[in-house]
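Take a look at the structure below.
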Number of protein chains: 2
Amino acid sequence: MKENSEVTIYDIAKKLNLATSTISRGLKDHHTISKKTIEMIKKTAAEMGYRPNNLAASLRGNKMRTIGVLLPTVTQPFLSSLISGIEIAAQKAGYTVIIMQSHDSYEEEVNLTQSLYDNRVSGVICSLAMGTKDTSHFNVFIENNTPLVFVDRVPQSFETFHVIIDNFSAGYKATKHLIDQGCKRIAHITAGSEFSIYHERKKGYLAALEEHNIPFDENLCVKINSVTYDDAAKASEKLLSLKSRPDGIFAPGDILGVSAIQCAKRMGIKVPEELAVIGFNNDPISYIIDPNLSTITHPASKMGQTSAEIILKNLKQSRKKDQIVKQITFLNTEVLVRESSKRI
Amino acid sequence: MKENSEVTIYDIAKKLNLATSTISRGLKDHHTISKKTIEMIKKTAAEMGYRPNNLAASLRGNKMRTIGVLLPTVTQPFLSSLISGIEIAAQKAGYTVIIMQSHDSYEEEVNLTQSLYDNRVSGVICSLAMGTKDTSHFNVFIENNTPLVFVDRVPQSFETFHVIIDNFSAGYKATKHLIDQGCKRIAHITAGSEFSIYHERKKGYLAALEEHNIPFDENLCVKINSVTYDDAAKASEKLLSLKSRPDGIFAPGDILGVSAIQCAKRMGIKVPEELAVIGFNNDPISYIIDPNLSTITHPASKMGQTSAEIILKNLKQSRKKDQIVKQITFLNTEVLVRESSKRI
DNA sequence: TTATAATTTGCAACCGGTTGTGTAAAAAGA
DNA sequence: TCTTTTTACACAACCGGTTGCAAATTATAA
């Protein structure tokens, strides 16, 4: 019946006998409009049930007040916390968040990047798909002066914003913790390419070993193809079946750590007495497993907030000669000692 | 330098000496444009690096090709799976998904509802905040003919689409399972208002008891204020400290179930021999806890997909006299028997 | 060859705000 | 009282596609 119930600033203008420009400016407290007029405009707008049309408002600037977020998936605890952080910061600034999942596929990532651009988002936050090597599909944002933040899984070289943790240092800290607990034969599970976060963590692991004069034993380092429960179980079993069994495991992911504990329990190996385990991320499962899994805290929500804030801060700085073209922000991680590694 | 690198259909039109309307139509294979022209338009567009501007395209229809999703939070496993499902269905149809978190606050929900409207989304999927009683803030979507789907936590009476599970039946099944395992004194933890999913689950619990001639003992039913780890721990402790202790617990959430198992372990009560436990949702923690928690499967991703499909299907049916004004879709749940309740 | 129909393409208004520029009115200064 | 500023508001172009309708071109029929 009433159907086209949409109230526009034209309707308000007509009713008040003012120009639409006056309405537009009055609605946003422009200084050239008198207080009295502003008040009247706002009152009338409210009475008429006027609601701004972001779509139309964004057309001129050719940008929606929207942050595009492109992630491998949204169901991992770490990534959903990341989203939560982004969303909180965006909401505070009156921005909306649009989410897309690459499902760790390079092809999907390329498509979605385009889709994000087609939607004229104000900024983009991305954690790369596992298989992504070439990142030229992100060039369009750079050319277009759209702020772009890579978070957690970042490209090796790309002149833009990165928000990450120091994976090397975290790997070092985790390994050192095990050494401090008296472990002599520390195993490690790794994954991904030589540019991945896992590789950095492994480098930290190696550095800690070396610093404490513990020789690196190749047999104690297993590489898995995917960070899944099944692959983790196989890796754990392989490690714990060695003749000279490890007395500690640095698992660069909580699923891996949990799986190691479960495997040990199945094999009758006592955790932490015979095997100390430390994970990574502080996922919910880490404090459900018995014994609780020591882990490395990963500031997911904070990373999200930081990323969003970087986007928001760099919105207006368009085409300035002295703008920041590259910035790497490191967030803190900590060793969270729980039962699975507490030996002393 | 090059800055305004944006290629529009005007640029293409100029280059090809055609009208913009021809370009617009050619780009979308309109039947009134010859094959040859279409081909040439597309080729030129690609060469010039043209990218459609969804913003401008949406202005006329006054709707973005976007589905708005309003949830209490995105970090619960169930809800992130829901998002994943929505996103998959939306992506398939070329729609984007915008996410907002009410953080279980009624006030935030009201604001975000407006924000969703201001963004002129094509449809809305919502799971209500805990405290929401009045749902009149959703009326704008109905009046505006914007498809609206409530999922999981739905209002008592609202003439629109609902996608839910049969909580009564699920509660019944869970309880019956415990009865079948030989439990005689089955405890229950409940939460929320008398219209919440938890209340339905409790009704199912009561029905199962009655059907099997097991008298309902008030002491065996504890109500908690929030479905959190801490509240759950207190409730479990209270139940397991009773003189006449329960021999089974139906926990309408996996956190509750996990907490019950942990409490039992602390108190030296054997699960499942002395206490059978069944949870709800099939969250990851349910198969990490030892013994594994039996649970009720909750088709989160499928619910998301279904909700999105309902939105998409109802986009065009505007103002038809015979349109669907209310539809409740029930998805299936199943008892997933694991160690925590397996006694026979 | 001419009339009629079918196929192509172009014109221009439109979607709903935003904003540069121009001008009248009110306030301040001479 | 007259000029100079300020203040307050209006006009109209603009953002980039979309689409109804008319016009032009080509194909088919008579």
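Both backbone and side-chain heavy atoms feed into the values below; hydrogens, waters and symmetry mates do not. In what follows, every chain begins at residue 1, and chains take the letters A, B, ... in the order their sequences are listed.
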Heavy-atom neighbours of A:Lys302 NZ exceed 12 at 6.0 Å: no

Do A:Phe161 and A:Phe150 make the cut of ring centroids closer than 6.0 angstrom? no

DNA chain C: 5'-most and 3'-most nucleotides touching chain B, 4.0 angstrom heavy-atom criterion: C:dT8 to C:dC15

Is the distance between the ring centroids of A:His137 and A:Tyr106 under 6.0 Å? yes

Please classify the nucleic acid contact of B:Thr8 as base, sugar-phosphate, or nothing, using heavy-atom distances under 4.0 Å. sugar-phosphate

Considering only NZ, NE, NH1 and NH2 on the basic side and carboxylate oxygens on the acidic side, decide whether B:Asp104 and B:Arg153 come within less than 4.0 Å. yes

Sequence neighbours excluded, every pair satisfying salt bridge (Lys or Arg N to Asp or Glu O under 4.0 Å) that has a member inside residues 128-138 of chain B: none

Remember a base hit wins even if backbone is also touched, and classify B:Ile23 as base, sugar-phosphate or nothing at under 4.0 Å, heavy atoms. nothing

Is it true that A:His30 and A:Thr32 share a donor-acceptor pair across their side chains at a distance under 3.5 Å? yes

Around B:Met40, counting heavy atoms of other residues, nucleotides and ligands shown, do more than 12 lie under 6.0 Å from its CE? no

How would you list, by chain and number, every residue that makes a ring-ring contact (aromatic ring centres under 6.0 Å, His included) with B:Tyr50, sequence neighbours excluded? none

Contact list please: residues 51-58 of chain B against DNA chain D, heavy atoms, distance less than 4.0 Å, in numerical order. B:Asn53, B:Ala56, B:Ala57

I'd like to know if A:Lys43 and A:Glu47 make a salt bridge, using a cut-off of under 4.0 Å between side-chain N and carboxylate O. yes

Atom NZ of residue position A:Lys326 - does it have more than 12 heavy atoms of other residues, nucleotides or ligands inside 6.0 Å? yes

Mapping A:Tyr10 and B:Asn17 to their closest nucleotides on DNA chain C, which lands nearer the 5' end? B:Asn17

Are A:Glu6 and B:Arg120 close enough for a salt bridge, meaning some N to O gap below 4.0 Å? yes

Between B:Lys313 and B:Glu309, does any NZ, NE, NH1 or NH2 come within less than 4.0 Å of an OD or OE carboxylate oxygen? no

Is a salt bridge present between A:Arg65 and B:Asp118, judged by a nitrogen-to-oxygen distance below 4.0 Å? no

In degrees rounded to 10°, what angle is found between the helical axes fit to the five outermost pairs at each end of the helix from C:dT1-D:dA30 to C:dA30-D:dT1? 40°

Scan residues 26-40 of chain A against DNA chain D and write down, sorted by residue number, each residue with any heavy atom closer than 4.0 Å; if none is found, say none. A:His31, A:Thr32, A:Ile33, A:Ser34, A:Thr37

